[in-house]
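Note sheet for the following structure.
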Amino acid sequence: DMTDLLEERPAALSSGQKQRVALARALIRKPPVLLLDEPLGHLDAAQRQRVRRELKLLQREFGYTTIVVTHDQIEAMTLSDRMAVMDAGIIQQFGTPDEIYSNPSNTFVASFIGSPPMNLIPGEATGGRFHAAGIEATAPASLHGKVTLGVRPEDFDLAEAGDLRGEVYGVEPTGEATY
């Protein structure tokens, strides 16, 4: 959908249009490895979603090995077969998007991947139980001492009155779900 840009001079293009043209120029060469640094950063939300889908389709169709650097976790998770989560230049976890989302290796990864992020609750584990302020849960028997319980927002269910007390300080409607 860029034929309307063919007669335009680079100075007449918006930053999003320039980014799409640069991406198209890189793809048209059919490189064996494609290195992309924030490839969708200047696109609006609708274009970003469309170009993300097209990139994934082209990856599969032409067999591109693609390395993408991005701070956008949705972009990383949707484009990746494998991904590395880094902090200060150190790989914190490497795996499939599902592995990283479901089993984060540490609290940095747990709080970085997911929107909204995982809830991290500090507590203590003893005798196969996790204890924190007003919370008790089953824990692996091998855990002892101070631990952090990680729970994704979608894993919470409403409890009967009196089972769990707390204050809701934010509600995020996203269309298909409300967090």
Side-chain angles (χ1 to χ4, degrees), residues 19-20 23 26-27 30-123 125 128-130 132 135-143 146-159 164 166 168 170-179:
Q19 193 162 28
R20 289 171 48 219
L23 189 54
L27 291 168
K30 297 182 182 170
V33 177
L34 189 61
L35 305 173
L36 302 173
D37 185 4
E38 299 286 353
L40 310 179
H42 290 288
L43 303 179
D44 65 36
Q47 282 183 333
R48 180 178 287 226
Q49 188 176 32
R50 191 181 85 239
V51 172
R52 204 170 45 226
R53 280 193 312 265
E54 289 175 8
L55 265 176
K56 189 70 172 182
L57 178 66
L58 290 171
Q59 281 177 294
R60 288 194 178 132
E61 186 176 331
F62 294 109
Y64 291 129
T65 295
T66 308
I67 299 173
V68 179
V69 176
T70 182
H71 292 89
D72 183 327
Q73 61 174 302
I74 302 300
E75 189 174 301
M77 292 187 73
T78 57
L79 288 175
S80 298
D81 294 320
R82 303 263 185 287
M83 62 188 277
V85 178
M86 298 180 75
D87 182 30
I90 298 170
I91 294 177
Q92 300 295 311
Q93 187 169 359
F94 180 79
T96 68
D98 285 341
E99 289 168 349
I100 291 173
Y101 184 83
S102 299
N103 298 302
S105 62
N106 58 38
T107 56
F108 173 81
V109 176
S111 61
F112 183 74
I113 297 296
S115 181
M118 183 177 273
N119 295 279
L120 301 174
I121 306 163
R129 301 297 296 166
F130 171 83
I135 299 172
E136 188 168 325
T138 302
S142 61
L143 284 181
K146 293 183 187 248
V147 298
T148 301
L149 173 67
V151 184
R152 295 267 177 217
E154 63 269 18
D155 293 329
F156 279 104
D157 287 321
L158 293 176
L164 180 64
V168 175
V171 177
E172 296 180 14
T174 63
E176 76 278 1
T178 298
Y179 299 103

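The side-chain heavy atoms of L55 and T66, taken from C-beta on, include no pair separated by under 4.5 Å. For the pair Q59 and D81, the minimum side-chain heavy-atom distance is 4.5 Å or more. Inter-residue side-chain proximity for R152 and N119 is flagged as unmet; no heavy-atom pair is nearer than 4.5 Å.
Note: Q93 CD to I113 CD1 = 8.5 Å, rounded to the nearest 0.5 Å. Between the NE2 atom in H42 and the CD atom in Q47 there is a gap of 12.5 Å [rounded to 0.5 Å]. Separation of atoms CZ (R129) and OG1 (T138) is listed at 4.0 Å; rounding is to 0.5 Å. Atom CD in Q73 sits 9.0 Å away from atom OH in Y101 (nearest 0.5 Å). Rounded to the nearest 0.5 angstrom, M118 CE and L149 CG are separated by 8.5 Å. Note that CZ of R20 is 7.0 Å distant from CG of L43, once rounded to the nearest 0.5 Å.
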Exercise for the section: May I have the step-by-step check of side-chain contact (heavy atoms from CB on, under 4.5 Å) for I74 and R48, ending in yes or no? Expected result: CA-CA 11 Å; I74 302 300; R48 180 178 287 226; over 6 Å; no
Practice task
Determine, step by step, whether T78 and K56 satisfy the side-chain contact (heavy atoms from CB on, under 4.5 Å) criterion, reporting the C-alpha distance in whole Å, the side-chain angles of both residues, the deciding distance to 0.1 Å, and the verdict.
Solution key: CA-CA 8 Å; T78 57; K56 189 70 172 182; over 6 Å; no
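In this structure, the side chain of Y64 engages the main chain of L27 through a donor-acceptor pair within 3.5 Å.
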Listed pairs under 3.5 Å, donor-acceptor, residues 30-41 side chains, sequence neighbours left out:
unit_1 : atom_1 : unit_2 : atom_2 : d
E38    : OE2    : H71    : N      : 3.1
E38    : OE2    : H71    : ND1    : 2.6

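Taking all atoms of both residues into account, the shortest heavy-atom contact from P122 to A132 is O-CB, 3.5 Å. The nearest pair of heavy atoms linking P116 to P153 is CG-CG, 3.7 Å. Residue M83 comes nearest to S80 through the heavy atom pair CB-OG, 3.7 Å, listed as atom of the first residue, atom of the second, then distance. Closest approach of A125 and A139 over heavy atoms only: CB-CB, 4.5 Å.
Legend: residues meeting ring pair (Phe, Tyr, Trp, His ring centres under 6.0 Å) with F108, ordered by chain and number and at least two apart, are F112.
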